[in-house]
Amino acid sequence: MTAALISPALSELSPQLAEPLRLAVLASGNGSNLAAIAAAIENGDLNATIQVVIYNNPAAKVAERAAQRQLPAVLLNHRTFASRAALDEAIVQTSQDAGADWVIMAGWMRRVTAVLIQAFPQRILNIHPSLLPSFPGIRAVDQALAAGVKITGCTVHYVELEIDSGPIIAQAAVPVLADDTAASLQARIQQQEYRIYPAAIAIAAQLAGKSTAINLHT
Ligand code: GRF
């Protein structure tokens with residue numbers, strides 16, 4: 001049993017966007033969400049282009065995934081920056097140089113600063129492997145197992161300064177099975193991530209088109 005709290009089909013949302021969304025995707029590790037977003041674009045479900053993939057770990061598998069899809073990828077190794085703000089300045093510059101309008105965090109494991117948030121107001125999204133506001137921060141799947149919850153899931157939300165906070169755009173629920181390990185539960189959560197992240201990007205874009213009429217914080 002899974003339940004996704006998204007009513008319209010993704011294909012009903014996305015074609016209404018006049019211009020393709022121009023995405024910068026930030027990832028630190030595996031990059032399977034990057035792959036899912038790229039697949040949604042390739043099969044016509046999401047009207048967007050990935051202008052640049054930014055990653056911070058030289059050995060991250062996401063670099064391979066970007067290369068396989070011939071997506072431009074830029075390594076911004078956090079160890080070479082003097083501060084979080086300096087890293088974020090480089091992210092802003094790289095994203096703007098690439099022509100990106102939206103910043104999509106897909107397993108980005110660095111805390112963000114006001115430098116990034118102010119450069120892309122209400123244009124930065126994140127995906128987190130729990131039903132926020134439960135289990136923010138690292139090891140969210142382990143946290144859910146330790147708490148003994150029977151349902152967990154994943155959340156796409158706008159990024160604000162406080163970690164894993166910000167208005168929620170989409171969630172999907174995933175049952176916790178009696179014999180679940182962190183790995184088995186995470187695998188089922190990720191299947192839902194691949195479904196809701198492209199949809200949430202399309203929803204956020206539609207909300208942005210009506211941003212004069214909608215206050216996302218109320
Ligand atoms: C995802 O589970 C996401 O929720 C979390 O980091 C993980 C990234 O996975 N923020 P991947 O790198 O996209 O495979």
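For ligands, and for the atoms within them, numbers begin at 1 and follow the listed sequence.
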Next item on the list: Please test Gln190 against Glu193 for side chain to side chain donor-acceptor pair (under 3.5 Å), starting from the C-alpha separation and ending with a verdict.
Entry: CA-CA 5 Å; Gln190 286 221 297; Glu193 291 186 344; 3.2 Å; yes

Could you go through ligand 1 and list every pair where one of its N or O atoms sits under 3.5 Å from a protein N or O, giving the atom names and the distance to one decimal?
from     : atom 1 : to     : atom 2 : distance (Å)
ligand 1 : 2 (O)  : Gln190 : NE2    : 3.1
ligand 1 : 2 (O)  : Glu193 : OE1    : 3.1
ligand 1 : 2 (O)  : Glu193 : OE2    : 3.0
ligand 1 : 4 (O)  : Ile127 : O      : 3.4
ligand 1 : 4 (O)  : Pro129 : N      : 3.4
ligand 1 : 4 (O)  : Glu193 : OE2    : 2.5
ligand 1 : 9 (O)  : Gln190 : NE2    : 3.1
ligand 1 : 10 (N) : Ile127 : O      : 2.9
ligand 1 : 12 (O) : Asn30  : N      : 3.4
ligand 1 : 12 (O) : Gly31  : N      : 2.7
ligand 1 : 13 (O) : Ser32  : N      : 3.2
ligand 1 : 13 (O) : Asn33  : N      : 2.8
ligand 1 : 13 (O) : Asn33  : ND2    : 2.9
ligand 1 : 14 (O) : Asn30  : ND2    : 3.3
ligand 1 : 14 (O) : Ser32  : N      : 3.0
ligand 1 : 14 (O) : Ser32  : OG     : 2.5

Next item on the list: Can you sort out the partners of Val74 under side-chain contact (heavy atoms from CB on, under 4.5 Å), two or more places apart, ordered by chain and number?
Entry: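 Residues passing side-chain contact (heavy atoms from CB on, under 4.5 Å) with Val74: Val52, Leu76, Thr94.
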
Would you give me the side-chain donor-acceptor pairs under 3.5 Å for residues 62-70, sequence neighbours excluded?
from  : atom 1 : to    : atom 2 : distance (Å)
Arg65 : NE     : Asn30 : O      : 2.6
Arg65 : NH2    : Asn30 : OD1    : 2.7
Arg69 : NH1    : Arg65 : O      : 3.1

Margin query: Set out, in order, the CA-CA distance, both residues' side-chain angles and the distance that settles side chain to side chain donor-acceptor pair (under 3.5 Å) for Arg195 and Gln192, then state yes or no.
Written below: CA-CA 5 Å; Arg195 223 161 48 82; Gln192 296 305 310; 2.7 Å; yes

Notebook entry, point to check: Do Asp88 and Arg110 sit within salt-bridge range, that is, some charged N less than 4.0 Å from a carboxylate O?
Noted result: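 No.
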
For residues 129-137, run the donor-acceptor check on the side chains, cut-off 3.5 Å, and write out each pair with its distance to 0.1 Å, sequence neighbours left out.
from   : atom 1 : to     : atom 2 : distance (Å)
Ser130 : OG     : His128 : NE2    : 3.4
Ser130 : OG     : Ser134 : O      : 2.6
Ser130 : OG     : Phe135 : O      : 3.3

